[in-house]
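First comes the structure, then the notes that go with it.
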Amino acid sequence: MKKKVLTVDDSRTIRNMLLVTLNNAGFETIQAEDGIEGLEVLEDANPDVIVTDINMPRLDGFGFIEGVRKNEKYRAIPILVLTTESDAEKKNRARQAGATGWIVKPFDPTKLIDAIERVTA
Amino acid sequence: MDMNEIKEIFFQECEEQLAELESGLLRLNDGDRDPETVNAVFRAVHSIKGGAGAFGLDDLVSFAHVFETTLDCVRSNKLEPTQEVLKVMLKSADVLADLTNVARDGGSVDQARSAQLIRELEALAKGEAPPAAATAEAPAPRAAAAPKAAPAPKPAAVAAVAAPNDQGFVPVAFSFDDFGGEEEAVIEHPAYEVVFKPKSELYTKGNEAALLLRDLSRLGEMSIHCNMDSLPPLDQMDPEAAYFSWKVSIKTDKGEDAVRSVFEFAEWDCELDVLAVETGEGAEAIGGDLPMQPVPFDLSALDEEPHAPLGVVEEEEQIAAAQEAVAAAQTASNVVQMAGSASRAAAADKGAAAAAAAAQNNAQQASSAAAPTIRVDLDRVDRLINLVGELVINQAMLSQSVIENDSNGVSSINMGLEELQQLTREIQDSVMAIRAQPVKPVFQRMARTVREIADITGKSVRLVTEGENTEVDKTVIDKLAEPLTHMIRNAVDHGLEMPEKRLAAGKSAEGTVKLTAKHRSGRIVIELSDDGAGINREKVRQKAIDNDLIAADANLSDEEIDNLIFHAGFSTADKVSDLSGRGVGMDVVKRSIQALGGRINISSKPGQGSVFTMSLPLTLAVLDGMVVTVAGQTLVVPLTAIVETLQPDAAAIHSFGATQRLISIRNSFCPLVDVGRILNFRATQANPVEGVALLVESEGGGQRALMVDAIQGQRQVVIKSLEANYTHVPGIAAATILGDGRVALILDVDAVVSASRGQPLHLETSLAAAG
């Protein structure tokens, strides 16, 4: 069975790249445009792993991760954060919110897939 | 979807983000302190940077990065978004737009400008005052650019790449390798001993020890030893605690960093020791404790349920230990899974309602996943619009022939035709709406022009825009930018005074340029006004005399003098400045507006400023028109221009002078204009009493009673450009094809009205050419 990835990113460009990369790597991809939508689709999507951006309107990545972790069902789902290179502090905040790992931008398909494989069984 | 398509989407998105960025910055400039505004601005730059990074657009990334850093200071309240700060940011937004354009279309950006802005942004981020532009000429740009441009030199070669110093001393490069030093010990397969002790936090963040160990196993041969010493009796076990730790010996050629990077996601939530151990004797030393026999790490175990009883595993049985590792790691997730299945069961009870809601959610999800817009080649839309135009004409022809042949009146055919007419109209409206766009983007570009010109001229200018959401055909919008840019440039450069001069004149130091758009009489009217000095009529007049444009004793009205600036090569600037020296004069502006089927007018008040009014058609739009007969010709008068129609009464007609006539309507007088006469359809004026008067309102607000012979009815007509197919005809806006296939001319009401002010239409052609 294909593994299902939920991506949460407000950038259409990044969403498209994620979609293409993940589909090419044989994942099923569900997308959301911000944290609120991410939480909305979560239940139905029932993903194996989540990849989320940090800077988003309405609900940012930190809030989204906290929201996911509050959900009993998704307490231990791997959540990968797409971060920018210079954000050690943000990385830490994301960790505290409950992020599993991170993918450093710029977007690199190999790194993305590696990171996803690293956290999914 | 391939990368090129995604790149195209990226640039589209950049445009949106840049617009968002600029409007956000302008809102901040107006005193908006909503954190969400700052966030939106930050996100715009962040998003551009993210996408640009993905496509390796390094220039864009590095500028966006500096910009973003400074914005982050504003976001975290470390930097107050003062007018000064925002000025730098608005200029940075311009440079970001330039860099985006260059990334898309090639070309080059003003390096000095972007380097200067990078310095200003960095200074702001550090909490310093931005460095003055004057110091920009200092050698700083080179220094700022150098670290970025030069690849990081290898440590051993640092001396070699150092730049010549002031004395002209060039360091000589030599390699330490020559001395046989610095050579890495050649170790084929170094071994590492990894002690990995997860904390329970590791599991709460979705990490699993088993997965990390699996990852480690991919680096090379390894053996795993699981330490279960801290495992309490079953009844005291906290299912969410972490009791196991692992000692792994691994042989890998990937290096220590690779080993450590496996635990990258876990480093905060575990105790980790990575020790490089010597191969050979050292390895044996470990071997005594932990035999270096390769242990197959059973990946399939990851998918199995734990089955081995806890606590009975003998330490030597490494395979079992590995499985235990899996089991232990899964403990936490099993708990979660149980909780999950419980909630699933609960959810199932909710039954059909929940399923329906889910289905709905899925539908929403699908719709939100799809792009909200599609890109369509403009040619395709054009073709569609043309076809719909033909459809409308065809439908009209069909209606007409049915009416002519069907003397019985009501029939099912008639009803069908009516429906067809309605449908055609709806199709037409929808198709037209595809190409209609708000003028906002063009107006936003003007904001930038104002900033740039204000910078160059040293003037302080505020741009006010109104009616940015007024929609007009895209073809018009595209052609609007150039004349508008030039006019804005003129307004700031020539129109507005220097701050001191303004203060002396009792005005605010900051000049205002106002740009408005509105629909009027089926056209779009764009007005550009400034509160500057107004046109210096004496100077204009003198210049016109000097250039032999008018006679020295010519008696011109103020309006006529103002309009002289539309003459070719006419410039009131004393000297050719950077701005006006571009070889583009107001004559070019006027011509490009005319080419669009538009008109431009100026009115100016000395000391108070000037107003340029452009009236443009909504090209290719459909027109609701009154079909009238004038001297045997069929004309269409735009319905939007008509206030009312009336049958003149002989008593209401008054003569005024030799040829002018007025009609009194409700106790006020309105000039009567014979359309047939003014278009030269006939030599003498028709008798008003025999015709119909159309009371029209022109753009200037003045009313005229247009005399026509008869009204045939109202109809929707498709505008066919006369310029494109024939040539510009004064007094005629465009043409259309009627139901019977005949061509009818669409009256240009404003031109007719202004012609009635005593400027015969045939003269306006020459005026237009000259002016």
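Here is the naming used below: chain letters follow the sequence lines, and residue numbers restart at 1 for every chain.
Minimum heavy-atom separation, A:Glu117 to B:Arg214: O-NH2, 2.7 Å. Nearest approach of B:His46 to A:Asp53, heavy atoms of both residues: NE2-OD1, 4.4 Å.
At distances below 3.5 Å, at least one donor-acceptor pair connects side-chain atoms of B:Asn207 with backbone N or O atoms of A:Thr100.
Remark: A:Met56 CE to B:Asn39 CG distance equals 12.0 Å, nearest 0.5 Å. A distance of 11.0 Å separates CD of B:Glu36 from CZ of A:Arg58, quoted to the nearest 0.5 Å.
In this structure, the portion of B:Glu16 lying under 4.5 Å from any heavy atom of chain A is its side chain and not its backbone. Residue A:Asp10 touches chain B through both its backbone and its side chain, counting heavy-atom pairs closer than 4.5 Å. The contact between A:Val119 and chain B is made by backbone and side chain atoms together, counting heavy-atom distances below 4.5 Å. When heavy atoms are compared at a cutoff of 4.5 Å, A:Ile65 does not approach chain B at all.
The 12-atom threshold is not exceeded at NZ of B:Lys78, counting heavy atoms of other residues, nucleotides or ligands nearer than 6.0 Å. The environment of CZ in A:Arg93 is sparse: at most 12 heavy-atom neighbours from other residues, nucleotides or ligands sit within 6.0 Å.
Counting heavy atoms from C-beta on, the side chains of B:Phe11 and A:Thr13 never come closer than 4.5 Å. The side-chain heavy atoms of A:Arg118 and B:Leu211, taken from C-beta on, include no pair separated by under 4.5 Å.
Interface summary for chain B: among A:Ala32, A:Gly98, A:Ala97, A:Pro109, the most heavy-atom pairs under 4.5 angstrom belong to A:Gly98.
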Check: Could you go step by step and tell me if B:Phe55 and A:Met17 meet the side-chain contact (heavy atoms from CB on, under 4.5 Å) rule?
Finding: CA-CA 10 Å; B:Phe55 292 106; A:Met17 298 190 94; 4.2 Å; yes
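One side chain, A:Asn55 or B:Arg75, offers a donor N or O that lies under 3.5 Å from an acceptor on the other.
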